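It should be emphasised that the depicted structure is a prediction, and the values quoted were computed from it without experimental measurement. Just so you know, ligand 1 is whichever comes first in the structure, and atom 1 is the first atom listed for that ligand.
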Amino acid sequence: MSAVVFIEIEDKSRISQCRRRAKVAAKEMGYSEVDRERVSIAVTEAVSNVVRHAGRGFFLMQPMKLSESGGDELAVVVWDEGPGIAHIGQCMKDGYSTAGGQGIGLGAMKRLSDVFELYLPQTGGLVVGMSFSGGGDLKSIQPPRDALWDIFATSLAKPGQSVSGDAWAIESWDRGLKVLLVDGLGHGPKAHQAATRAVDCFATVRDLEGESIMLALNEALKGTRGAVAAVAEVDNVAGSTRFTGMGNIFGRLINGTETSQLTSVSGTVGYNMRNPRSFEYPWFEDSMIILHSDGVGSRWDLGKFPGISYSRSSIIAGALLRGYRKVSDDSSIVCIKSNSKGVGGRSTVSRNAT
Ligand SMILES: [Mn+2]
């Protein structure tokens, strides 16, 4: 399974590079030739648009593998740093192209993808969010209360490193979702080893409660260089979220205009860990939880991206990476929304694709 792909779009050569990576990822996910082709065409067009209109931006592609049901999706965010497209409605129509490209346009991208969303940053530019499924059963895990999950999670390795020392996992339970985000100390292969071991352990102890999960992780990580970690248990039935954090994994819970900073205790999982402690927060149908490692600046403000909280989780994660990623470390973000209105919502239960 291919991992995340993050490519800065600087010139024309990136178009074929992104297309190639998209084809490989779709193939590795077992997609049919037809599905591989539509991923390839949509990605090519989206990245070409950046080169034509903006000249700068990034391509982010994350395989999201369902843990149990066999479904999956390939999530793509293409961020365009340009002046923006003046007449978005016109651009949605096929055949429209301002800079002499193939002109298959945003309308075709919308048709080729299973989920399609645009976000227009106030500062200009254009963000395209697309998801592609390979025909798996995406409806398989529905949370209670008729809500739909909208989930995106990614770990970007520190530039120059071949593996990320961060990792994430998302598992379903009968009341909602359980999420792990782990940051192996430092970066590189040894951090990766610690993080991977935590993800493997999490899959076996997910039925426990947060504090017990953290104690199990501590046992599993002994002998590694250790990690910081957080577990969020979203309980859609009780309308609550339990957060258990050890060390500096940052978490915020956003309920409309209210934001809660999620509380962690200090310590290192697998090494000198003190007693873990869980904290409870309310969870509403329109709540959103964002977790990230310290490779993303913690002073972020979604207010700099007006209206983005209504966007899909992949676009929100893209915005945080765009604005706050530190190139001095591995950078991870998990964004989870439960959206009763089903706007862009999809039931996806995923774990790190390694
Ligand atoms: Mn870190």
Side-chain angles (χ1 to χ4, degrees), residues 3-6 8 58 60 62 151-170 178-202 210 213-214 217-218 220-232 243-253 261-274 276-277 289-302 313-314 316-336 350-354:
V4 59
V5 175
F6 182 85
E8 306 269 2
F58 68 77
L60 172 64
Q62 174 68 56
I151 305 166
F152 183 82
T154 197
S155 287
L156 304 185
K158 177 186 170 175
Q161 293 289 331
S162 58
V163 291
S164 174
D166 295 355
W168 55 271
I170 300 169
K178 297 199 183 192
V179 185
L180 167 72
L181 183 57
V182 56
D183 175 354
L185 294 193
H187 46 79
K190 286 194 170 159
H192 178 73
Q193 180 208 25
T196 305
R197 203 181 283 187
V199 167
D200 291 345
C201 173
F202 182 64
I213 291 173
M214 198 59 77
L217 293 176
N218 186 50
L221 264 60
K222 281 182 178 161
T224 71
R225 65 161 60 167
V228 294
V231 174
F243 182 79
T244 314
M246 186 61 66
N248 54 343
I249 297 288
F250 299 87
R252 276 198 223 175
L253 187 69
Q261 200 90 36
L262 305 178
T263 304
S264 294
V265 299
S266 58
T268 305
V269 185
Y271 183 82
N272 266 351
M273 192 182 89
R274 289 195 255 162
R277 216 179 134 194
I289 189 166
I290 294 175
L291 307 180
H292 61 88
S293 64
D294 63 354
V296 175
S298 59
R299 293 189 177 176
W300 51 268
D301 177 10
L302 283 184
S313 54
S314 56
I316 294 168
L320 293 177
L321 290 171
R322 158 71 180 72
Y324 303 95
R325 181 188 180 199
K326 297 178 188 170
V327 292
S328 54
D329 198 359
D330 308 309
S331 308
S332 298
I333 293 194
V334 178
C335 178
I336 290 175
S350 308
R351 73 161 57 116
N352 222 5
T354 50

Next item on the list: Spell out the protein N/O/S atoms under 2.8 Å from the Mn ion (ligand 1) as residue plus atom name.
Entry: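 Hits for the Mn ion (ligand 1) below 2.8 Å: D183 OD2, D294 OD1, D329 OD2.
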Check: Would you say R252 has more than 12 foreign heavy atoms packed within less than 6.0 Å of its CZ?
Finding: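 Buried by this count: over 12 neighbours within 6.0 Å.
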Next item on the list: Report the residues that fulfil ring-ring contact (aromatic ring centres under 6.0 Å, His included) with F58, sequence neighbours left out, ordered by chain and then residue number.
Entry: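 By the ring-ring contact (aromatic ring centres under 6.0 Å, His included) rule, F58 matches F6, W79.
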Notebook entry, point to check: Could you go step by step and tell me if H292 and Y324 meet the side chain to side chain contact (heavy atoms under 4.5 Å, CB included) rule?
Noted result: CA-CA 11 Å; H292 61 88; Y324 303 95; over 6 Å; no
Next item on the list: Write out all pairs satisfying salt bridge (charged side-chain N to carboxylate O under 4.0 Å, His left out) with one or both partners inside residues 325-335, taking only residues at least two apart or from two chains.
Entry: none
Notebook entry, point to check: Can you tell me if R277 and T244 form a side-chain donor-acceptor pair at under 3.5 Å?
Noted result: no
Next item on the list: Go through the structure and list residues passing salt bridge (charged side-chain N to carboxylate O under 4.0 Å, His left out) with R322, not counting sequence neighbours.
Entry: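 E81.
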